[in-house]
Colleague: 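Okay, handing you the structure first.
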There are 2 protein chains.
Amino acid sequence: MLLVVFLPSFWYNFLMKERDTNTGFKPIAPRKIYQYILEQFVHLVSTGALQPGDKIPSERELAESFAVSRPSVREALRVLEIIGLIDIQPGGGAYLKEMELGPFISVVAPLLFSREQFDIELLELRELIEIRAIELLPAKMSQEALEPLALAITEMRRALQEDDTEAGALADIEFHRSLLLASESFILQKVLELIVSLFEHAVRGGRSLVLEKHEDAAQLLADHEGIYQALLDNNYALAKTLLASHLQMVKVLHAQDSAK
Amino acid sequence: MLLVVFLPSFWYNFLMKERDTNTGFKPIAPRKIYQYILEQFVHLVSTGALQPGDKIPSERELAESFAVSRPSVREALRVLEIIGLIDIQPGGGAYLKEMELGPFISVVAPLLFSREQFDIELLELRELIEIRAIELLPAKMSQEALEPLALAITEMRRALQEDDTEAGALADIEFHRSLLLASESFILQKVLELIVSLFEHAVRGGRSLVLEKHEDAAQLLADHEGIYQALLDNNYALAKTLLASHLQMVKVLHAQDSAK
DNA sequence: CCTGTCAACTGGTATTACCAGTTATATAAG
DNA sequence: CTTATATAACTGGTAATACCAGTTGACAGG
C-alpha cells in the first residue's frame, strides 16, 4: 500500500476521475455563453421561425435581448458566419441564408491539402458520389430537370470557342452540380458541394485540378454531351457508364498533370 | 428604353454588378483581422510547424505578438475551436489536436435533421462509404489491422450479455470505424467520422438510429463476426456481400422503427 | 428632379476591468 | 526533510465602454 503514496498527481487525478464515474458522477463541462446563443439561433432556424433572407437584429439589440455583452453575441455570430449560415455586411447587418459550406471549407482546405494523396482521394470520392447520384435519377427524372445540364453544356461550348479557360472550368463544375441537384438527395448534394468547394480552393492554391489544355477541355465537353444525350434517351445505364469513364479520364489526366 | 426606369432595384443592382465585372473591376471584400490570424495558424499547422499536442500561447501573448487586441485573437480561437483544431481549457490553456469534425457537427446537426428523409439518406451515404472502404482493403490489409475489429466484437459480445445498450452501440460504431481506418483512405475516414458524429447527435436528439432490442443487437453482432471471419480468410468478396446485407438490414430496421 | 451633405445607424476593433478557474511556487506544519 | 496548505501568478470567460469606418436614408439645396 505504500506505493499509493508515491503516485504522481496525474495518476491520482486519473484514479479520482475513474472513481467518480464509477459512483455515477459525470464530469461537468461548463458551457459558454456563446453556445447558448448559438443553440437558440439554430433552433429558430431548424424550426423555420427564421427563414433565409431574414435580417438578424443588430449586435447591440441581441446583446440586450439575451442580457449578455456584445462580445458574447459576436462570438456566436462569428460561428454562424463560419458555418455559412449568415452573411455579415460591415455597416449593413447580418442576414440569414441557406447553409453553405464554403466559408468553413475555406478555413479547413489548407489543412486537408497538406495531406499526401489528398487530391486523388478527393477525385475518387467525387466518383463515388456522382455515380451514386446517377443511380438515383431514374425514379424521378423530369425533362425540366435536364435543362440546367443543357445550359452548362452550351456555356462550356462557348467558353471553349473563346478559349476562356476559367469560364470553361466553371461550366464544367456547373454541369456536375446540376447532375447532383437532379438526384434530389440532399446529403449527396451537400457532399458534392463540399468537394466542389475543395476543388475551387485547390485551384486557388495553385494546384491543377482543373484542366487547361484545349484538347482536354474538348474531350470533357464531348463527354458531357454524351451523358446528356443518354439521359434524354432515358438510357440511364449508358449514362452511368459514360459518367464512370468520364471521371476515370479526369483522374488519369490529373495523374499525368501531377507527374510532370 | 423607358422600361429601364422601372427596373426593380434588384435587377438594377444585378446589372450594375455585371457592368462592373465587364469593365474589369472586381468587388473589394475587406478582410477582417481574425481572418489574418486564422490564416497564420492554419499555415503553421499545415506546414507542420505546429504539431498536435502543442500548447498555444495565451490570448494575451498572442494579442501582443500579432499587435492586435484580445477580442480579435479570441474570435480566431473561437473559429479554431469550432473546426475542432484546438481544445480550450478555461483556466488552463489552448492545445492543438488532430482535426476533429465533432464540434462543427454538434452545431450543424439540428439544421440537418430538420430535413425530411435525412436519416435515411445518411444511412445510404454510410452504406456507400463503407462498401467503398472494403473495396479498398485487399491491397494493403495486414493481420494487425484486424485487431481493433476483434476488440470491438468482444466488447459488443460483453455488452450484449450484460444488456448494456449504450456500450453495445458504442462497440457497434467502433467496429465500423475500425473498418474504415483499415482502408487507409484519409478522406473516407473523415466522411465516416462525420456520419458517426451525426449518428451520435441523432441519438441525443431522441431519434432511434441505434437499435435497442436484444435480438436485433444479437443479429448485429453475428453480422460483425461473419464479416470479421471473411476478412481473416482473405475472402474480400464475401466480406463485401456480408457488409452490404448487414447495412441493408440496418436500414430496414430503422425504417420499421420510424414507422411505429 | 437630381444631387450632395449630414446624421443615425451598422459592424470591426481596441481598451480596460473583473471573475473564476488552474497551476506552481513558497511557506508553514508535521 | 517531507508533506500539506496557502498564496500568488497565471489562464480563459465575460462585461462595459469607446471609437472608427462603412452603410443607409432623409433632408436641404441646386
Side-chain angles (χ1 to χ4, degrees), chain A residues 1-14 16-17 27-39 41 54-82 85-97 103, chain B residues 2 4-6 9-10 12-13 16-17 27-39 41 54-82 85-97 103:
Chain A
M1 280 304 292
L2 263 178
L3 275 176
V4 178
V5 181
F6 297 99
L7 276 177
S9 65
F10 165 76
W11 284 106
Y12 175 77
N13 290 331
F14 180 75
M16 291 307 283
K17 231 182 236 173
I28 298 174
R31 305 195 57 198
K32 302 167 194 172
I33 288 192
Y34 85 90
Q35 290 177 325
Y36 288 103
I37 302 178
L38 255 184
E39 212 168 74
F41 263 107
D54 288 358
K55 177 169 184 167
I56 293 176
S58 79
E59 296 181 353
R60 294 170 229 273
E61 285 180 53
L62 287 176
E64 197 174 351
S65 302
F66 287 120
V68 296
S69 74
R70 195 152 85 98
S72 295
V73 172
R74 279 184 62 80
E75 291 189 4
L77 292 183
R78 185 89 310 128
V79 175
L80 290 176
E81 186 186 20
I82 287 296
L85 203 63
I86 63 175
D87 240 346
I88 300 182
Q89 301 166 0
Y95 294 84
L96 235 86
K97 63 177 176 183
Chain B
L2 263 177
V4 178
V5 181
F6 297 100
S9 65
F10 165 74
Y12 175 76
N13 290 330
M16 290 308 282
K17 227 182 241 173
I28 298 172
R31 303 196 59 197
K32 301 166 196 173
I33 287 191
Y34 85 90
Q35 290 177 325
Y36 288 102
I37 302 178
L38 256 184
E39 212 168 74
F41 262 106
D54 287 357
K55 177 169 183 167
I56 293 177
S58 77
E59 297 181 353
R60 291 167 174 81
E61 285 180 52
L62 288 175
E64 199 174 352
S65 302
F66 287 119
V68 296
S69 73
R70 196 153 82 98
S72 294
V73 173
R74 279 184 62 79
E75 291 189 5
L77 292 183
R78 185 91 308 131
V79 175
L80 290 176
E81 186 187 19
I82 286 297
L85 203 65
I86 64 174
D87 240 348
I88 300 181
Q89 301 166 0
Y95 294 85
L96 236 87
K97 61 176 177 183

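Chain identifiers are assigned alphabetically (A, B, ...) following the order of the sequence lines, protein sequences preceding nucleic acid strands; residue numbering begins at 1 within each chain.
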Colleague: Taking the nucleotide of DNA chain D with the closest heavy atom to each, which residue, K55(B) or E75(A), is nearer the 5' end?
Modeller: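 Checking each residue's closest nucleotide, the 5'-ward one belongs to K55(B).
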Colleague: Supply the atom-to-atom distance S72(A) OG to E59(A) CD, rounded to the nearest 0.5 angstrom.
Modeller: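 Going from the OG atom of S72(A) to the CD atom of E59(A) covers 11.5 Å.
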Colleague: Could you give the CD-to-P distance, from Q35(B) to dG12(C), as a whole number of Å?
Modeller: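 After rounding, the reported distance stands at 10 Å.
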Colleague: Could you walk me through whether R78(B) and I88(B) pass the side chain to side chain contact (heavy atoms under 4.5 Å, CB included) check?
Modeller: CA-CA 9 Å; R78(B) 185 91 308 131; I88(B) 300 181; 3.9 Å; yes
Colleague: From the set dA16(D), dG12(D), dG12(C), return the single nucleotide nearest to any side-chain atom of R78(A).
Modeller: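 Taking heavy atoms from C-beta onward, the closest nucleotide is dG12(C).
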Colleague: In terms of side-chain heavy atoms of E59(A), which of dG11(C), dT14(D), dT13(C) is nearest?
Modeller: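 Ranking dG11(C), dT14(D), dT13(C) by closest atom to the E59(A) side chain puts dG11(C) first.
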Colleague: Is there a side-chain contact between S72(A) and the phosphate of dG13(D), meaning an N or O under 4.0 Å from OP1 or OP2?
Modeller: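 For dG13(D), OP1/OP2 do not have a side-chain N/O of S72(A) under 4.0 Å.
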Colleague: Of the listed nucleotides (dT13(C), dA17(C), dT15(C)), which one gets closest to any side-chain atom of P71(B)?
Modeller: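 The listed nucleotide nearest to P71(B)'s side chain is dT15(C).
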Colleague: Measure the distance from CG on L62(B) to C1' on dA14(C) and round it to the nearest whole Å.
Modeller: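 Between C1' of dA14(C) and CG of L62(B): 16 Å.
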Colleague: What nucleotide among dT10(C), dT15(C), dT14(D) has an atom nearest to a side-chain atom of S69(B)?
Modeller: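 Closest nucleotide among those given: dT15(C).
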Colleague: Which whole-number value in Å describes the distance from Y34(A) OH to dA15(D) P?
Modeller: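 It is 14 Å, rounded to the nearest whole Å.
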Colleague: Has Q89(A) got more than 12 heavy atoms of other residues, nucleotides or ligands less than 6.0 Å from its CD?
Modeller: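 Yes, CD of Q89(A) has more than 12 neighbouring heavy atoms, counting only those of other groups under 6.0 Å.
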Colleague: Expressed as a whole number of angstroms, how long is the span from Y36(A):OH to dA15(D):P?
Modeller: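 Nearest whole value for this atom pair: 13 Å.
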Colleague: For D87(A) and dT23(D), give me the distance from atom CG to atom C1', rounded to whole Å.
Modeller: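 Result: 15 Å.
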Colleague: Please check the phosphate of dT10(C) (OP1 and OP2 only) for any side-chain N or O of S58(A) closer than 4.0 Å.
Modeller: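 Yes.
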Colleague: Which distance, rounded to the nearest 0.5 Å, do you find between the CD of E75(B) and the CG of L77(A)?
Modeller: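 Going from CD on E75(B) over to CG on L77(A), the span is 9.5 Å.
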Colleague: Considering only dT13(C), dG13(D), dT11(D), which nucleotide approaches the side chain of E61(B) most closely?
Modeller: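 Among dT13(C), dG13(D), dT11(D), the one nearest the side chain of E61(B) is dT11(D).
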Colleague: Would you please confirm or rule out a distance under 4.0 Å between OP1 or OP2 of dG11(C) and any side-chain N or O of R74(A)?
Modeller: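 So the side-chain polar atoms of R74(A) never come under 4.0 Å of the phosphate oxygens OP1 or OP2 of dG11(C).
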Colleague: Rounded to the nearest Å, what distance is computed from the CD1 atom of residue I33(A) to the P atom of nucleotide dC18(C)?
Modeller: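 Roughly 19 Å, once rounded to whole Å.
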Colleague: How is L77(B) classified with respect to the nucleic acid when contacts are heavy atoms under 4.0 Å: base, sugar-phosphate, or nothing?
Modeller: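 Result for L77(B) = nothing.
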